Asker: 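Pasting a structure below so you can have a look.
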Amino acid sequence: MEEKKESLNFIEQIVADDLENGKHSNIITRFPPEPNGYLHVGHTKAICINFGMTEKFGGRTHLRFDDTNPEKESTEYVNAIKRDIKWLGFEWGEHEYYASDYFGKLYEYALQLIKDEYAYVDDSTSEEMAEMKGNVNTPGQNSPYRNRSIEENLELFKKMKDGEFENGSKVLRAKVDMSNPNLLMRDPVIYRVKKAHHHRTGDKWNIYPMYDFAHGQSDSIENITHSLCSLEFENHRPLYNWFIEKLGIFPSRQIEFSRMNVTYMITSKRRLLKLVEEGIVSGWDDPRMPTISGMRRKGYSPESIRTFCDKAGVTKREQMIDIGLLEECLRQDLNKTTDRVMAVLNPVKVIITNYPEDKEENMLIVNNPEENEPSYRTVPFCREILIEQSDFMEEAPNRKYRRLAPGKIVRLKSAYIIECHDYVKDETTGEIKEIHCKYFEDSRSGSDTSGLKPKGTLGWVSTRHAIKAEARLYDRLFNDPTPTKHDGKDFMEFINPNSLKILPEIYVEPSVTQREVGERLQFMRIGYFCIDRDSTSERMVFNRAVTLKDTWVKVQKKNT
RNA sequence: AGACCUAUGGUGUAAUUGGCAACACUUCAGUUUUUGGUUCUGGCAUUCUAGGUUCGAGUCCUAGUAGGUCUACCA
C-alpha cells in the first residue's frame with residue numbers, strides 16, 4: 001500500500017519545522033479583526049488558516065479584537081464577528097481578548113522605550129511630519145523635537161495621557177531611522193492624542209496606540225508563536241521585529257500570505273458600505289453581499305466555505321479565484337446533505353384527462369438519493385398538476401429532446417408516465433394555457449408494468465395541494481469579474497441591474513411547510529434554495545443559493 | 001526611481017537534498033441515471049524571457065521583463 005504524502009503549504013511547513021526542532025512545544029495563533037465592519041469572504045481565508053493551523057498541529061487560536069481606534073469601533077461589530085466565526089465552525093474557548101485589555105501594558109512599554117531613548121514626543125503637525133518623511137527616493141529629515149531629554153519626553157507623554165493636550169497636537173514616535181528605505185521605519189507614530197469614548201475602556205484614555213505599537217505587542221503578550229497575516233503587512237515586519245528587540249519581549253513571528261480575491265466579489269469595507277448606503281443591496285446580510293452573513297442567508301453552508309478556502313490554498317501570490325469554484329464547493333456539499341423537493345417556478349397547467357376528477361394518491365418519494373439509508377416522504381397527486389413551462393414544447397426541436405411535446409411520453413417523478421395528446425394556446429399571446437395528457441395506469445412508480453421507456457422525467461406539483469411561495473433568484477452583483485480593477489472606471493458602473501429577480505408566485509409541494517428558516521433544500525432539476533428569514537406562516541420565501549448544473553442549456557445555446 | 005515580495009495549463013494549487021510536470025475547477029467527448037443533477041471514463045491545455053552550471057533545471061547562478069505592497073495621528 002502506497003499512501004500519497006500530503007504536501008504542506010509554506011506556513012504549515014514552517015510550523016512543522018518549529019515543532020520538530022523544538023523551537024516551540026505547541027503553537028498559538030490568533031485571528032485579529034478590527035470591530036469596525038462585517039466579516040467577508042476575504043476574512044474567511046484568514047480565519048481558516050489561523051484556526052486550521054491549530055486544528056492540524058494542536059495548540060490554540062485566540063480571537064483578539066484589534067480595537068485601538070475607538071471612533072470607528074463598536075460592540076455591535078464585536079458580536080456580529082463572533083457570531084460569524086462560530087457559524088463557520090471555529091472555537092476560541094476562553095481565549096477572547098481585546099487589544100484594549102493591554103492599554104495599560106502598552107503604556108508601560110512606551111515608557112520603557114522613552115527611557116531607553118527609543119521614543120520621543122513630537123509637536124509637529126501631521127503635514128509637517130509628512131513633509132519631513134521624504135519619499136521612496138529621498139531620505140527623511142529628523143524632527144526638531146527628536147532630541148528632547150528623557151525627562152521632558154516622560155513629562156509630555158504623561159500629560160498627553162492625562163488629557164492636557166488637544167487631539168492632534170502631539171504624538172509619540174519611535175526613534176528608528178529617518179533615512180531607512182522602508183518608509184515605515186522613519187520614526188513611526190506609535191501613540192496619538194484622541195479624546196474619544198472607547199467601546200470597552202470608556203473615557204479612561206486620552207491617548208491610543210497605533211496598529212504597529214499594538215498588534216505585535218499584543219501577539220507577544222499572548223505568546224502567539226505564529227502571527228499569520230496578509231501580504232500588505234510585509235513591510236511592517238521589520239518594525240514588528242524592531243519593537244520585539246527593543247522591548248525584549250516574547251518574539252512572535254509574523255508570516256504573511258496573499259489574501260483571497262474572488263471574481264465578481266469585492267472585499268473593500270468602504271465599497272461594501274457604499275452598496276448598503278446607496279440601497280443597491282438591502283443590507284450587510286443581503287444574499288448578494290460577499291459578507292459571511294450575506295452568504296449564510298443566501299444558503300452557503302459553513303462546510304462549503306471551508307472547503308473552498310482549503311482548495312484556494314496558501315501562498316504569497318496574488319490570487320483571483322473563479323467564483324465558479326466557490327459555487328461548485330457549495331453544490332458538492334449540498335448534493336450530499338440536502339433533501340430534494342419538487343417546485344415549479346414558471347408553471348403551466350397539465351390536465352390528466354383520463355384520471356378521475358376526485359381521485360388523489362400519495363406518491364412515495366426519496367428525500368435524498370445520496371444518503372446511505374434513504375428516507376421517504378409522500379407527495380399528493382391528482383388530476384390537475386403544474387409543470388415547468390420550459391418542460392413543454394409544441395414541437396420537439398431534435399432527437400435529444402427528452403421533455404414533453406404532443407405525442408411524446410415522459411415520466412412524472414415518482415408517479416405515472418403521461419403522454420401529451422393536446423394543448424390549449426392563447427393565439428394572441430402565444431402562451432400555452434393548458435396541456436392535456438393521458439396517464440398510463442400501470443406505470444405507477446415502483447409497480448410499473450407498462451413496459452414504456454420514457455426518455456425524460458419531470459418534476460410536478462398538484463394544483464390542489466401545492467403551496468404558493470416567493471422565490472428570490474440571485475445572480476452576480478457585478479457583470480464584470482473584476483469591477484474594481486478598471487482604471488478610470490468606478491466599480492459602481494459594473495453593477496448588474498438584474499442581480500435579483502423575484503418570482504412572487506411559485507408552487508412548491510406541501511411538505512416544505514414542515515421546514516424551518518435557514519434550511520437548505522434542492523428544488524429538483526432547478527437548484528439549491530434556502531428558506532429566508534422573511535418567511536411567514538402565510539408565505540414562505542426561498543433564496544436561490546446556486547443553480548444546478550444545466551447541460552441542456554448549453555446544448556440549446558450551441559444549437560442556436 | 002528606493003525597499004520588500006511574487007512569477008508553473010484559462011483559474012487555483014502541487015512537484016520536500018537537481019531525476020518521467022501532476023491534482024482540482026473550467027472546457028470538450030462519452031458512460032450511468034425515474035433530477036439534462038449525481039456517478040464513472042477519456043481528451044484539450046502548463047514551468048515569464050535570455051544566457052549559464054549540470055549527464056539531467058520548474059527547482060541552482062546571472063541579467064532582464066511583468067505584477068503587487070509601502071510615502072494615514074486607519075487596521
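A, B, ... follow the sequence lines: proteins, then strands. Residue 1 opens every chain. The model shown is predicted, which means the values in this text are computed figures rather than measured ones.
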Asker: So what does A:Thr68 hit on the nucleic acid, given a heavy-atom distance under 4.0 Å: a base, only sugar-phosphate, or nothing?
Answerer: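 Sugar-phosphate, backbone atoms only, no base.
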
Asker: Over all strands shown, is A:Gly446 touching base, sugar-phosphate only, or nothing at heavy-atom distances under 4.0 angstrom?
Answerer: base

Asker: With nearest nucleotide decided by heavy atoms, which residue, A:Pro33 or A:Thr315, maps closer to the 5′ end of RNA chain B?
Answerer: A:Thr315

Asker: Please give the distance between the C1' atoms of B:U54 and B:C25 as a whole number of Å.
Answerer: 37 Å

Asker: Taking pairing as Watson-Crick or G-U wobble with both contacts under 3.5 Å, can you name the mate of B:U71, or confirm there isn't one?
Answerer: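 Looking at the geometry, B:U71 pairs with no nucleotide.
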
Asker: Under 5.5 Å between ring centres and under 30° between planes: true for A:Tyr211 and the base of B:A75?
Answerer: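 No; by the centre-distance and plane-angle rule, A:Tyr211 does not count as stacking on B:A75.
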
Asker: Just name whichever nucleotide pairs with B:C44, Watson-Crick or G-U, keeping both distances under 3.5 Å, else none.
Answerer: none

Asker: Does A:Gln319 contact B:U13 through a side-chain donor or acceptor facing the base, at a distance under 3.5 Å?
Answerer: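 No pair found.
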
Asker: Using a heavy-atom cut-off of under 4.0 Å over every strand shown, decide if A:Val553 touches base, sugar-phosphate, or nothing.
Answerer: nothing

Asker: With no hydrogens and no angle check, is any side-chain donor or acceptor of A:Asn182 less than 3.5 Å from a backbone partner on A:Asn235?
Answerer: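 Such a contact is found between A:Asn182 side chain and A:Asn235 backbone.
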
Asker: Look at all strands and tell whether A:Lys72 reaches a base, only sugar-phosphate, or nothing, counting heavy atoms closer than 4.0 Å.
Answerer: sugar-phosphate

Asker: Could you check whether A:His215 gets within reach of a base, just the sugar-phosphate, or nothing at all, counting any heavy atom under 4.0 Å?
Answerer: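 Since no nucleic acid heavy atom lies under 4.0 Å of A:His215, the category is nothing.
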
Asker: Look at all strands and tell whether A:Pro454 reaches a base, only sugar-phosphate, or nothing, counting heavy atoms closer than 4.0 Å.
Answerer: nothing

Asker: Kindly state whether the ring of A:Tyr528 and the ring of A:Phe523 have centres lying under 6.0 angstrom apart.
Answerer: no

Asker: When all nucleic acid strands are considered with a 4.0 Å heavy-atom cut-off, which category describes A:Glu370: base, sugar-phosphate, or nothing?
Answerer: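 Here A:Glu370 touches the bases of the nucleic acid.
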
Asker: Would you call the rings of A:Phe157 and A:Tyr191 parallel, tilted or perpendicular, taking 30° and 60° as the class edges?
Answerer: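 Judged by the thresholds at 30° and 60°, the geometry between A:Phe157 and A:Tyr191 is perpendicular.
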
Asker: Under a 3.5 Å cut-off for both distances, is B:G37 Watson-Crick or wobble paired, and to whom?
Answerer: none

Asker: When you measure from the centre of the six-membered ring of A:Tyr264, is the NZ or CZ of A:Arg476 closer than 6.0 Å and no more than 45° off the axis?
Answerer: yes

Asker: With a non-hydrogen cut-off below 4.0 angstrom, is A:Asn235 in contact with a base, only sugar-phosphate, or nothing?
Answerer: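 Touches a base.
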
Asker: Under 4.0 Å, counting only non-hydrogen atoms across every strand here, what does A:Ser124 touch: a base, just sugar-phosphate, or nothing?
Answerer: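 The answer is base, as A:Ser124 lies within the cut-off (heavy atoms under 4.0 Å) of a base atom.
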
Asker: Please work out if A:Leu458 contacts a base, only the sugar-phosphate, or nothing of the nucleic acid, heavy-atom cut-off 4.0 Å.
Answerer: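 Here A:Leu458 touches no strand at all.
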
Asker: If you take atom types as modelled and just measure distance, does the side chain of A:Thr457 reach the base of B:U35 with a donor-acceptor pair under 3.5 Å?
Answerer: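 Answer no: no donor N or O sits under 3.5 Å from an acceptor.
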
Asker: Measure distances between side-chain N and O atoms of A:Arg317 and base N and O atoms of B:U8, and say whether any donor-acceptor pair falls under 3.5 Å.
Answerer: yes

Asker: Spell out, as yes or no, whether a donor-acceptor pair under 3.5 Å connects the side chain of A:Thr29 to the backbone of A:Asn50.
Answerer: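 A pair under 3.5 Å: yes.
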
Asker: Under the 3.5 Å rule, do the base of B:A1 and the side chain of A:Asn137 count as making a donor-acceptor pair?
Answerer: yes

